[in-house]
> 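So that we are looking at the same thing, I have put the structure below in structure tokens.
Labels below follow one simple rule: chain letters A, B, ... track the order of the sequence lines, proteins then strands, and each chain is numbered from 1.
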Amino acid sequence: MAKVVVCVAWPYSNSPIHLGHVAGSLLPPDIFAKYHRLKGDEVLMVSGSDQHGTPVTVKAEKENVSPEEIAEKYHNINSKAIKDLHIDFSLFTKTHTQNHFEVVHDVFLRLLDNGYLYKKETLQYHCPRCQRFLPDRYVEGRCKNCGNERARGDQCDSCGTTFSAGEIEAARCTLCGSSPELKDTEHYFLRLSAFQERLLDYVRDKSYWKANVQTFTRNWLEAGLADRAITRDMTWGVNVPLPGWEDKVIYVWFEAVIGYLSASIEWAKRSGDRDAWIPFWTDPEVRHYYFLGKDNIPFHTIIWPAILMGYGGLNLPYDVPANEFLTFKGEKFSKSRGVGIDIPSLLQDYDSDIIRYYLATEMPENRDAEFSWEEFEVKINNELVATLGNYYHRVLSFTHRNFGNVPEFKSTEENRREVTDAIRTAMGQVDEHLSTCQFKKALKSVMDLAQFGNRYFDSVAPWALVKNDRDKCGSVLNLNLEVVKSLAVLSYPFIPRSAEDVWRLLGYEASILDKGWGWIMTPISAGQILQESRPLFSRVVIGKGDQMFSDFEKLSLKIGTIQSVSDHPNADKLLVMDVDIGRRIRLVAGLKGHYLSDELIGKKIVVVTNLQPAKLRGVESQGMLLAAEHGGKVMLLTPAADVLAGESVDCGMKPSEKVLTFPEFQKLSMLVGRMASQDSVDIGRIVRSKGPCAAAGPGKTVAVFLPSAEACDALVLCTKNGVPITVDGDIESGAPIR
RNA sequence: AGCGGGGUGGGGUAGCCAGGAUAUCCCGUCGGGCUCAUAACCCGGAGAUCGGUCGUUCAAAUCGACCCCCCGCUACCA
């Protein structure tokens with residue numbers, strides 16, 4: 001019996017976990033841990049909520065509650081979601097505990113004693129209005145190198161220049177907008193440079209790491225390691241255990257990774273044996289696996305190993321099987337940007353096994369993977385329900401109805417071999433793939449066995465045998481039950497709920513874990529009473545917004561009147577204008593060179609009002625005006641008749657006020673069309689015209705919405721009162737609008 | 001434009017790092033079988049010169065060079 005340590009990246013405690021977390025860092029370790037438990041290994045699997053850091057305090061201020069309340073709220077929500085997904089940690093704790101503080105202090109002081117920490121004075125931005133020191137990501141300013149207005153405090157994303165504090169020009173606090181001042185402050189630094197050689201040594205024999213992890217780590221090491229500050233001027237976090245440092249805390253990146261150790265220690269205390277963690281962390285034979293997303297790689301392959309080396313005597317990570325990202329509609333799941341599907345609400349609609357199965361088949365093991373509801377529906381209904389669920393159900397219900405218990409096997413060993421060979425093969429494949437963290441392949445091998453089962457069941461046709469050869473029928477059912485039993489064990493790491501259910505239907509009383517991996521090949525006892533079968537999974541039906549132009553409702557378009565125009569202070573092509581859309585908003589648009597300021601004032605235009613505001617070279621644009629573009633010409637869209645500012649351009653539909661991100665907006669296609677007849681429009685090709693203004697009059701130029709590139713119906717844009725939208729000049733049919 | 005990830009039968013994918021003989025699986029499609037089972041299961045067919053060109057090699061989806069296209073992040077795209 002071996003010991004295994006499974007460490008899981010700590011989800012940040014300022015929002016609910018989403019599908020990206022589960023597919024990327026939570027589900028793989030759980031599958032891995034369940035597999036090891038089945039094999040009888042002793043697994044220590046720990047993680048928790050990362051509760052400290054500036055984002056928590058900022059969110060707390062916004063909601064006008066204490067940081068503790070935010071940190072606790074999401075810790076509770078996420079702990080429950082993890083439990084409901086049947087992800088079984090030895091301990092899922094949090095960083096705001098006395099135990100964690102003590103362990104962090106111990107590590108800090110030990111590193112200090114060993115000479116790996118040192119004090120250094122630095123300059124740091126301090127915001128007088130917010131009364132706090134500002135982390136680099138909360139400072140923006142002009143890059144002295146390329147002039148980019150939105151350079152961050154430590155780096156310009158535009159040209160890549162890095163700065164030390166004070167080097168960016170016209171700095172401002174991104175929280176309140178005021179100008180921060182520079183103050184002297186003293187911090188502890190981790191002497192990362194001292195570990196360069198030892199880390200290179202450590203990485204040298206890790207040829208079994210995933211390619212992306214190896215590449216990333218080597219690149220970091222080759223670039224040379226810089227010492228990093230490990231304290232911050234803040235109050236929310238783990239205090240520095242030294243006199244005179246009361247107004248500083250230990251930086252989250254240093255403190256949170258220590259959670260793996262502190263959680264192990266806390267687990268031991270709770271288990272009643274305070275020292276139970278020690279063999280897991282000091283016996284060099286015990287392998288430590290760290291599961292995380294690709295953005296977390298250097299912290300676990302460089303910084304955490306360096307801390308462990310500096311502390312001494314503890315095991316280093318054995319493998320770090322980092323995953324890529326799960327994307328949704330082409331974008332990365334991200335809680336800060338609101339892209340994503342959170343687990344607590346998903347669990348209200350779907351069984352945990354269904355979520356686990358889908359995510360296990362779409363795991364971003366080697367490349368980004370895309371989540372889609374259509375794919376979800378297809379995979380669940382055609383694979384999980386139709387292949388595995390149906391096989392379970394047809395075997396169990398047929399046997400239960402005709403025999404009531406496990407029938408005796410009375411046939412020849414040769415007949416048995418066909419089935420046991422298939423089981424043995426599947427077992428070998430699953431074993432090999434799971435032990436090397438290839439989860440998608442392992443699941444495929446499980447499903448192959450289910451398919452074998454269906455094929456076998458068909459080939460022996462028990463429904464025919466039952467009528468004239470009851471002994472033979474019993475024998476083949478016995479073998480089918482062997483396959484069902486094996487499937488229950490083999491699928492348990494992936495879909496534990498249904499596996500346990502099948503186990504009970506088979507008449508076992510103890511759980512699968514009590515029996516373990518060995519029971520795959522242990523024959524099922526004849527005479528064992530079967531429970532009455534019921535389907536193990538239900539089909540899912542995803543509601544589809546199948547109205548042809550439903551995507552148009554994502555857009556909130558309004559008529560606006562341009563009231564004033566000025567040049568953008570920092571851009572050649574951009575104009576800044578104030579526009580009345582019933583209220584007054586500011587737009588930034590690249591119209592310079594196409595329109596003169598004087599022509600624009602008073603003009604009626606069409607504005608997207610629910611677009612996420614964005615800063616364009618330092619000036620915020622609160623919407624976007626629509627214009628047609630072709631061959632270097634840019635023409636504004638405008639109503640065909642005079643319309644009041646603020647009137648909705650909705651074609652009689654109900655537009656959503658939900659904020660639209662720019663990428664989402666870009667997926668929507670609008671074009672210039674010329675009316676070809678009463679019910680058709682030329683957009684470079686002829687399509688049917690639809691909507692209240694479908695018959696705008698032959699020859700008229702109109703703006704149309706096209707639901708997809710190949711669509712043969714186009715929606716003619718018009719206002720609530722039926723005034724069509726046209727173009728402010730002559731432009732090619734089919735010209736794109738943006 | 002910079003950085004990153006891709007282009008494999010109608011759609012979605014595996015294989016690519018460690019080159020090898022009929023290129024995987026799911027859906028769809030066509031035909032057949034079965035009727036125990038959640039319109040589920042099983043068998044068979046059609047359909048891809050693996051983005052393009054050139055090269056390395058006895059042998060390239062797989063290695064190298066150049067080009068084209070798509071997506072994401074970033075950006076004087078709004």
> Starting at atom CG of A:N480, determine the distance to atom P of B:C41, rounded to an integer number of angstrom.
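Distance, rounded to whole Å: 16 Å.
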> Determine the Euclidean distance between corresponding P atoms of B:G4 and B:A65; express it in Å to zero decimal places.
14 Å
> Whole angstroms only, please: what is the NZ-P distance between A:K441 and B:U13?
18 Å
> Between A:Q438 (CD) and B:A14 (P), how many Å, whole number?
14 Å
> Please determine if A:K440 and A:E362 form a salt bridge, counting it only when a charged side-chain N lies under 4.0 Å from a carboxylate O.
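Looking at A:K440 and A:E362, the cut-off is not met.
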> Nearest whole Å is fine: how far is B:C26 C1' from A:F376 CZ?
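In whole Å, B:C26 C1' and A:F376 CZ are 16 Å from each other.
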> For B:G15 versus B:C25, give the span between their P atoms, rounded off to a whole number of Å.
14 Å
> If we count only N and O atoms by modelled type, under 3.5 Å, do the side chains of A:S533 and A:H393 hold a donor and an acceptor together?
yes
> From the set B:C25, B:U35, B:C27, return the single nucleotide nearest to any side-chain atom of A:N382.
B:C27
> Identify, residue by residue, the members of residues 383-396 of chain A with a heavy atom below 4.0 Å from RNA chain B, and return them in order of residue number, or none.
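Residues of residues 383-396 of chain A that come under 4.0 Å of RNA chain B are, in numerical order, A:E383, A:V385, A:A386, A:N390, A:H393, A:R394.
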> Distance check, C1' atoms only: B:U53 and B:C68, in whole angstrom units.
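To the nearest whole Å, 10 Å.
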> Report the distance from atom CG of A:L626 to atom C1' of B:A78, rounded to the nearest whole Å.
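In whole Å, B:A78 C1' lies 9 Å from A:L626 CG.
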> Rounded to whole angstrom units, what separation is found between the CE atom of A:M577 and the P atom of B:A78?
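Checked: the CE to P distance equals 10 Å.
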> Heavy atoms from C-beta onward define the side chain here; which of B:C76, B:C26, B:C34 lies closest to that of A:L574?
B:C76
> Could you check whether A:F398 and the base of B:C36 form a stacked pair, meaning centres closer than 5.5 Å and planes differing by less than 30°?
no
> Kindly give the heavy-atom pair with the smallest separation between A:A703 and A:L637, and that separation in Å.
CB-CD2, 3.8 Å
> Name the nucleic acid region contacted by A:K379, choosing base, sugar-phosphate or nothing; use a 4.0 angstrom heavy-atom cut-off, strictly under.
nothing
> So does A:R586 have more than 12 non-hydrogen atoms from other groups sitting under 6.0 Å from CZ?
no
> Mapping A:P462 and A:A450 onto RNA chain B by nearest heavy atom, which one lands closer to the 5' end?
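Result: A:P462.
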> What nucleic acid atoms does A:L443 come within less than 4.0 Å of, heavy atoms only: base, sugar-phosphate, or nothing?
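Here A:L443 touches no strand at all.
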> Give, for atom NZ of A:K604 and atom CD1 of A:I725, the distance between the pair rounded to the nearest 0.5 Å.
12.0 Å
> Would you say a side-chain N or O of A:Q451 is under 4.0 Å from OP1 or OP2 of B:C26?
yes
> Can you check the A:E532 CD to B:A37 P distance for me, whole Å?
13 Å
> Counting N and O atoms only, with roles assigned by atom type, does the side chain of A:N454 sit under 3.5 Å from a partner on the main chain of A:T387, one being a donor and the other an acceptor?
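Such a contact is found between A:N454 side chain and A:T387 backbone.
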> Using the C1' atoms only, state how far B:C50 lies from B:C43, rounded to an integer number of Å.
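That atom pair is separated by 28 Å.
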> A:Y392 and A:D501: side chain to side chain donor-acceptor pair (under 3.5 Å), yes or no, with the steps?
CA-CA 11 Å; A:Y392 279 150; A:D501 283 352; over 6 Å; no
> Closest nucleotide of RNA chain B for A:E375 versus for A:V588: which of these residues is on the 5' side?
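Here A:E375 is the residue nearer the 5' end.
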> How far does the P atom of B:C17 sit from the matching atom of B:G7, given to the nearest Å?
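So the two P atoms sit 14 Å from each other.
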> Taking atom C1' in both B:A61 and B:U24, compute the distance separating them and give it to the nearest angstrom.
13 Å
> Fill in the dot-bracket string of RNA chain B, one character per base: . for unpaired, | for a pair to another strand, ( ) or [ ] for pairs within the strand, taking Watson-Crick or G-U pairs under 3.5 Å.
((((((((.[[[..)....(....]]].(((((.......))))).....[[[[[..)....]]]]])))))))....
> Between A:R539 and B:A39, does any side-chain N or O lie under 4.0 Å from OP1 or OP2?
no
> Measure from CG on A:N454 to C1' on B:U38 and round the result to the nearest Å.
12 Å
> Does the side chain of A:L481 come within less than 4.5 Å of A:T399's, by heavy atoms?
yes
> Considering only the P atoms, how many Å lie between B:U49 and B:A39, rounded to the nearest integer?
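Those two atoms are separated by 38 Å.
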> Run the numbers on A:W463 and A:F457 for side chain to side chain contact (heavy atoms under 4.5 Å, CB included), then give the verdict.
CA-CA 10 Å; A:W463 57 89; A:F457 194 90; 3.6 Å; yes
> With rounding to the nearest 0.5 angstrom, report the CD1 to CD distance, A:I581 to A:Q622.
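So the gap between those two atoms works out to 9.0 Å.
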> Please give the distance between the C1' atoms of B:U29 and B:G19 as a whole number of Å.
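B:U29 and B:G19 have their C1' atoms separated by 34 Å.
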> What verdict does the ring-ring contact (aromatic ring centres under 6.0 Å, His included) test give for A:F376 and A:Y350, after you've listed the backbone C-alpha separation in whole Å, the side-chain angles of each residue and the deciding distance to 0.1 Å?
CA-CA 11 Å; A:F376 177 74; A:Y350 301 101; 5.2 Å; yes
